[in-house]
Structures are given as C-alpha cells and as structure tokens.
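Okay, so here's the structure we're looking at.
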Amino acid sequence: MTVETSLLDHFAALDSATVSDALDACGLPPGQGGLRPMWGTPKVAGFARTIELEPLSGEHGGAHILTSAVAEAGAEDVVVVANGGRTDVSSWGGIVSVGASVRGVRGVVTDGACRDVGQARALGFPVFARAQVPVTARGRLRQKSSGAPVSLGEVTVHPGDVVLADEDGVVVVPRERAAEVLREAQRLADREASVEAEVRAGVPLPEAMRDARLAGTEAR
C-alpha cells in the first residue's frame, strides 16, 4: 500500500460532516451541500482530477468534453467537473461513466447536472451532482481546461486535493494540509464517538453535548 492510498483509506473511514468540522478547526473552507449522490448512498475519497466546462457559442467544440481527462485518470482519482452549477444541460453522462469505471476511477463530482443515472447505477459508479437532466452537452458545452484549479461551488479545487463525498455533501482538503486535517478529523471522530456512547448509556443530552467538549476544545 502506498502512502497516498493509505491517506485516502483513512479519509474514506470518516464522513464529510466530521471532515468539514476539521476543516473549520484548521481555518479552511468547510464542506458544502447540494452535491448529492444521484443513486444510492455511495461514499468516495480520492485525489481531484479537475475539468472546467464553459458554454459553447456557435463554434465547433473540438474533441468531446471530458474524454481526455477521463482517459488519463486512475484508480486513486475522483473527477471534479466545474460547470458553474448549471443544471439545464448535462455535464456528465453514461459513456464517460463507462470510461471512468473501466479506468478504476472512484467517482465524479460535477458542479452541474448529469444524465444516464441508470447506467451509472448499473456500473456501480458513484456520481455526485446538483441535478439530473436529459439534455446533452453536445453543441452546448465545451471543455475550457483540464488539470487546472477549478471552482466547485464556493471552494477552489486544485489537482491532487483530497475530495470526500457522501450523502451529506462534499469536502475538499488541500493536498498540502491533508495530514493535518486528517489528524484533526480523527480526533473529532473519536470525541463524537465518546459523546454518543455516553448518550446511549443514559447521560443526559445537555451534559453529554457540552459545546466545548463536542468541538474538541477541552483539554485532551
């Protein structure tokens, strides 16, 4: 197991809410909602493989969007598609789900809409998006960049950042601070597990959920 794979496994053992709290504690942008799984309740953790799309205004779009980036992605990657939250046209579809699945890609998070959800479900390929729409990207979108920083909602995603997505939402952890955020998230997860155990054992909720204790600010 590589160091990078181990890092992703540790993040995958957490949830987006806990990692969001850790990002807060580290002074980084927290997680965001509105990017939901299009089928089931998958969880994905991987390194960002970024793509930015933009409107196509008359001129030929060249090579089909997404294809080159997906062809270069690998088994530790999550594809991140920036499309400005646009939901009137699909920014991810069935054939690219097939291509990504064949490459072993862990999933996709697209700041926009997707289509062919049944195909992704049949593949077991996780797709997180803002909406579903049947409208094709052909003649409507073109690829602006691949492998450059992109905006995912209010967060800037750099290639190689850690992306964790689950049914609560999406968190983006800057790669250079991933170890720091992971340590904080693990500490918070342990603290919350302790609080939950006390509540289940009959400790009154107000006592168990003291703000300082839940936030992990008490003396360790």
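This chain uses plain numbering: 1 for the first residue, then up along the sequence. Atom set for the values below is all heavy atoms of this structure, side chains included, hydrogens, waters and symmetry mates excluded.
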Would the distance check show the side chain of K43 and the main-chain N or O of S16 forming a donor-acceptor pair, the cut-off being under 3.5 Å?
no

Closer than 3.5 angstrom, by distance alone: can the side chain of R103 be matched with the main-chain N or O of A73 as a donor-acceptor pair?
yes

Determine, step by step, whether L35 and R130 satisfy the side chain to side chain contact (heavy atoms under 4.5 Å, CB included) criterion, reporting the C-alpha distance in whole Å, the side-chain angles of both residues, the deciding distance to 0.1 Å, and the verdict.
CA-CA 5 Å; L35 292 159; R130 298 206 181 272; 3.6 Å; yes

Tell me whether S91 contacts the main-chain N or O of A113 through its side chain, where contact means a donor paired with an acceptor under 3.5 Å.
yes

Contacts of V173 that satisfy side-chain contact (heavy atoms from CB on, under 4.5 Å) - sequence neighbours left out
F11, V19, L23, V162, A178, V181

Under 3.5 Å, side chain of D111 to main-chain N/O of G153, donor-acceptor pair present?
yes

What one should report as the nearest heavy-atom pair of S97 and W92 is OG-NE1, 2.8 Å

Evaluate R142 against E54 for salt bridge (charged side-chain N to carboxylate O under 4.0 Å, His left out), listing each step before the verdict.
CA-CA 6 Å; R142 68 177 180 181; E54 65 181 1; 2.6 Å; yes

Under 4.5 Å between any side-chain heavy atoms of R175 and H158, yes or no?
no

Between W39 and F125 (side chain of the first, backbone of the second, donor and acceptor by atom type, cut-off under 3.5 Å), is there such a pair?
yes

So does V133 get a backbone contact from the side chain of R115, meaning a donor-acceptor N/O pair under 3.5 Å?
no

Whether over 12 other heavy atoms sit under 6.0 Å from E154 CD
no

Does the D190 side chain pair with the main chain of R187, one donor and one acceptor, at a distance under 3.5 Å?
no

Does any N or O in the side chain of Q32 come within less than 3.5 Å of the main-chain N or O of L152, such that one atom is a donor and the other an acceptor?
yes

Rounding to 0.5 Å, atoms CG (D21) and CG (L14) come to a distance of 11.0 Å

